Amino acid sequence: GTRETLALFARVCDAVHHGHQKSVLHRDLKPSNILIDKDGNPKVIDFGVSRLQDVAGATHSTRAGDIVGTPAYLPPEAFQQGMQALDTRADVYSLGVVLYEALAGANPFGTPTLTPIQIGQLVCSNPAPPLAMARPDCRGDIETVVAKAMAREPEDRYHSAEQRPAARRRLLAYAPLLGR
C-alpha cells in the first residue's frame, strides 16, 4: 500500500543519507540496488560507481563527459555537465525516480526501449509527468514530495536525502508539509 511504501522508502532515504554523511555519493540508485531483507528492512547495495565527495561537494575519479550509472535514474545535470557535477541532490533525484516508479508501477519517462542518449534528451528537455496522472490517489502532498525530489534544477530539490524521509514521515502522520 501507499503508506507502507512511504514508510519503507523513508528508511531507504535514511540509509542513503547515512552514506552522504560519510561523504559517499552513490550515483546509481535504482530499484535493483535497493533490496528488502526477510524482515522487511531495506538495504542499499552496489556502490560500484559511488564516489567520495570533497568538502566543496565535488566528486572525484570521473573524467568530464563520462556518464556512469543507469541513465533512466540519472538527473539532468549528469547529462548536461557530466558526473563530476553531481552532489547529494543527484542521489535525491534518483530516489525520487525510484519512489515514482514504486508508486506508479512504471518509470516516469517510460524508458525501457530508449537508448541512453534518448533518455538524456528526454530527461533534460521534459519534466516528469505528475505522479497523479498514473496514481490519482497520490495527488496533493505525496505528489509534491516526489516532484520536489525530481525537480530538474538541483537547487529546487531537497538538499539531502534526510529531508525526504522527514517530509514522508509528516505525510504518514497526516501533518502538513513544511514546504507547502
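Hydrogens, waters and symmetry mates play no part in the numbers below; they use all other heavy atoms, side chains included. What you see is a predicted model; the values in this text were computed from it and never measured.
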Partners meeting salt bridge (charged side-chain N to carboxylate O under 4.0 Å, His left out) with Asp46 (sequence neighbours left out): none
Sidechain-backbone polar pair: Ser94 side chain, Tyr73 backbone, donor-acceptor under 3.5 Å: yes
Under 3.5 Å donor-acceptor, Asp156 side chain and Lys148 backbone: no
Minimum-distance pair of heavy atoms, taken over all atoms of Leu131 and Ala104: CD1-CB, 3.9 Å
For the student: nearest non-hydrogen atoms of Ala72 and Val97, plus distance: O-CG1, 3.8 Å
Partner residues of Thr70 under the side chain to side chain donor-acceptor pair (under 3.5 Å) criterion, sequence neighbours left out: Asp28, Lys30
Hey, can you pull the donor-acceptor pairs under 3.5 Å for the side chains in residues 114-123, sequence neighbours left out?
from: Thr115; atom 1: OG1; to: Gln118; atom 2: N; distance (Å): 3.1
from: Thr115; atom 1: OG1; to: Gln118; atom 2: OE1; distance (Å): 3.3
from: Gln118; atom 1: OE1; to: Thr115; atom 2: N; distance (Å): 2.8

Student check: side-chain heavy atoms of Asn33 and Phe47 closer than 4.5 Å: no
For Asn126, side chain to side chain donor-acceptor pair (under 3.5 Å) partners two or more places apart: none
Distance, nearest 0.5 Å, that separates CD1 of Ile34 from NZ of Lys43: 13.5 Å
Qualifying salt bridge (charged side-chain N to carboxylate O under 4.0 Å, His left out) pairs, either residue in residues 72-82, two or more places apart: Glu77-Arg157
Same cluster (ILVMFWY, side-chain, under 4.5 Å), Ile142 and Met133: no
Smallest separation among heavy atoms of Val146 and Gly96, with atom names: CG1-O, 4.0 Å
Gap between atom CG of Leu86 and atom CZ of Arg27 - 0.5 Å precision: 6.5 Å
Min side-chain heavy-atom separation Pro42-Leu35 under 4.5 Å: no
Check: His20 side chain, Ala15 main-chain N or O, donor-acceptor pair, under 3.5 Å: no
Pairwise side-chain contact, Val92 with His159, heavy-atom cut-off 4.5 Å (strictly under): no
Approximate separation, where rounding is to 0.5 Å, of His26 NE2 and Ser50 OG: 6.5 Å
Point-to-point distance, once rounded to the nearest 0.5 Å, from CZ of Arg139 to OG1 of Thr144: 11.0 Å
Side chain to side chain donor-acceptor pair (under 3.5 Å) against Asn107, all qualifying residues, sequence neighbours excluded: Glu101
Note, Cys13 side chain near Leu95 side chain (heavy atom, < 4.5 Å): yes
Main-chain N/O of Met150 paired with Tyr100 side-chain donor or acceptor, under 3.5 Å: no
Side chain proximity check, Leu52 to Leu25, heavy atoms < 4.5 angstrom: no
Nearest heavy atoms of Pro127 and Arg152, plus distance in Å: CD-NH1, 3.5 Å
Heavy-atom check, side chain of Val44 versus side chain of Val12, under 4.5 Å: yes
Non-hydrogen side-chain atoms of Tyr93 and Pro154 separated by less than 4.5 Å: no
Rounded distance (nearest 0.5 Å) linking atom CG of Asp14 with atom CD of Gln21: 9.5 Å
Check: Arg89/Ser160 side-chain N/O donor and acceptor closer than 3.5 Å: no
Separation of Ile36 CD1 from Leu8 CG (nearest 0.5 Å): 4.0 Å
